[in-house]
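What follows is one structure encoded as structure tokens, with my remarks underneath.
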Amino acid sequence: MKKRFIYADNAATTRVSEPVLQAMMPYFTEQYGNASSIYELGRSAKKALETARETVAKSIGAEPSEIYFTSCGSESDNWAIRSVCERLTPKGKKHIITSVFEHHAILHTCQALEKNGFEVTYLPVYENGIVKPEDVKNAIREDTAIVTIMYANNEIGTIQPVEEIAAVCKEKGVIFHTDAVQAVGHVKIDVHAQGIDMLSISGHKIHAQKGVGALYVRKGIPMTNLIYGGAQERNRRAGTENLPAIVGFAKAMELANTDIEERGRKTAVLRDRLIDGILKLPRTRLNGDREKRLPGTVNISIEGVEGESLLLMLDMNGICASSGSACTSGSLDPSHVLLALGLKHEVAHGSLRLSINEDTTDEDVDYILEVVPKVVNRLRDMSPLWERICKEESV
Amino acid sequence: MLYSEKVLDHFSNPRNVGEIEDADGIGEVGNAKCGDIMKMYLKIDNGIISDVKFKTFGCGAAVATSSMATELIKGKPIEDALKLTNKAVVEALDGLPAVKLHCSVLAEQAIKSALSDYYTRQGIDPLPIVGEISECEHCH
């Protein structure tokens, strides 16, 4: 078997695509003007900035005036929640509803607000990794400021019923924000049609560069200033705009929303081959709902092996993947997402996330399905935990 | 987080992996909940560790420290094995990331646990010789 290089960690970040890079290039050395300057070089920069805003808005069904450019998904998440909470505090709102398996950009923001007197309800996600809209409905109170539920989960890829949740929020008059960092460019989004009030996007998950993102804020939602200074981003976020990144991001949004369904179908076929192939190994389980998931994300628990070892061995075979083990999370506990599904610690330690995209080929999948069982068997052969599992099973 | 070349070498080609059927001492430390279990098998002849094997469930550092620890005690007198510290294992591996130091502690404890078992089988109280084997401080 010839060693290949396969990048199967697109949920972590993606490669900047060639058209995106080409779109950016003029804005480094030719169109380097400051968008706030009066002369032609500045005016053309301003024009490029506003064209980019239109493109981003159009690709999610928003108005250009509803798009703020930010530096990343985490910034968008932080800003959205903190803005709404700060602006609604004087109106007696002091409650947030979120889910237990959000990204830390949401969870840590909520925890910070808890220290400032907010109460937070963390909704369960059940065994299939999906929030129930009726749980949202039951949790909404008179003093609820915002509901923030992710569009698709970053670790297991489950897609949440955002339209139903948005409808519940609308009925109760509560603002609904969704962290759509993993969903944008993979599922068709139309914020107005879906009733979404706020939505976070990240550029580097969709083949733009790192360090650029956006926050969609429906007209009329109260916002606070994130950075004081110049008049950029409608006075809300001062600082000279990162034009090359923004132009590249807009290009990436445009491309990601072209043929979105067809690309998704093609990727999902490969994803399903990966799922079926890896599940042939004994004592494995797919994490998250089988159907309601992103076209490229697979998360499987493999009992008796530890995630970091698995990743290191896959890396030695040229495969880049990710895991929810404690050793890879940098903490002592395995992934909060996997624990939220009800997985035992020892099972969560042995999880493998593969996130493929439209560039992944049949041959790549063949290779992954050849390597994974070999690596798993090798690790299980030296695992006292696997030995114990086998003994228990034969008893 | 960066692993040294030696850690990666001992992870990808671990020395002394396996079991010893007629082991004179077997020790197991760690737990599945924390994500690390090490099991050590010792064969002891005339006070010399003539053979040692291990099985480990854990991260790259856990496998590498187990492997290095077995290398450091193989063919050595019991007294030397009793003196093996986690620090010596870490040094022999050209260092470990700070968050992985507990893996080296586990390797030291696995050897001590196997030696305790050896003494117990001989009808000798291991406590005065091997000392207390503390639980992994990370898990408790």
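Both backbone and side-chain heavy atoms feed into the values below; hydrogens, waters and symmetry mates do not. A, B, ... follow the sequence lines: proteins, then strands. Residue 1 opens every chain.
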Less than 4.0 angstrom from a charged side-chain N to a carboxylate O is my criterion; do Arg4(A) and Asp366(A) meet it?
no

Rounded at 0.5 Å granularity, tell me how far CD1 in Ile48(B) sits from NZ in Lys74(B).
14.0 Å

Apply side-chain contact (heavy atoms from CB on, under 4.5 Å) to Tyr118(B) and Lys43(B), showing your working.
CA-CA 9 Å; Tyr118(B) 166 72; Lys43(B) 187 78 197 150; over 6 Å; no

Non-hydrogen atoms of chain A under 4.5 Å away: do they reach the side chain of Ala62(B), the backbone, both or neither?
neither

Taken to the nearest 0.5 Å, the spacing of Asp80(B) CG from Leu72(B) CG works out to 10.5 Å

Check each atom of Met316(A) against the heavy atoms of chain B and say whether the ones under 4.5 Å are side chain, backbone, both or neither.
side chain

Give the C-alpha distance, both sets of side-chain angles, the deciding distance and a yes or no for side-chain hydrogen bond (donor to acceptor under 3.5 Å, both in side chains) between Asn16(B) and Glu71(B).
CA-CA 8 Å; Asn16(B) 309 309; Glu71(B) 283 285 272; 3.2 Å; yes

Please state whether the side chain, the backbone, both or neither of Arg380(A) comes within less than 4.5 Å of a heavy atom of chain B.
neither

Please identify, among Glu346(A), Met313(A), Met382(A), Lys344(A), the residue contributing the most non-hydrogen atom pairs under 4.5 Å to chain B.
Met382(A)

I'd like to know which of Val63(B), Val17(B), Thr56(B) tops the heavy-atom pair count under 4.5 Å against chain A.
Thr56(B)

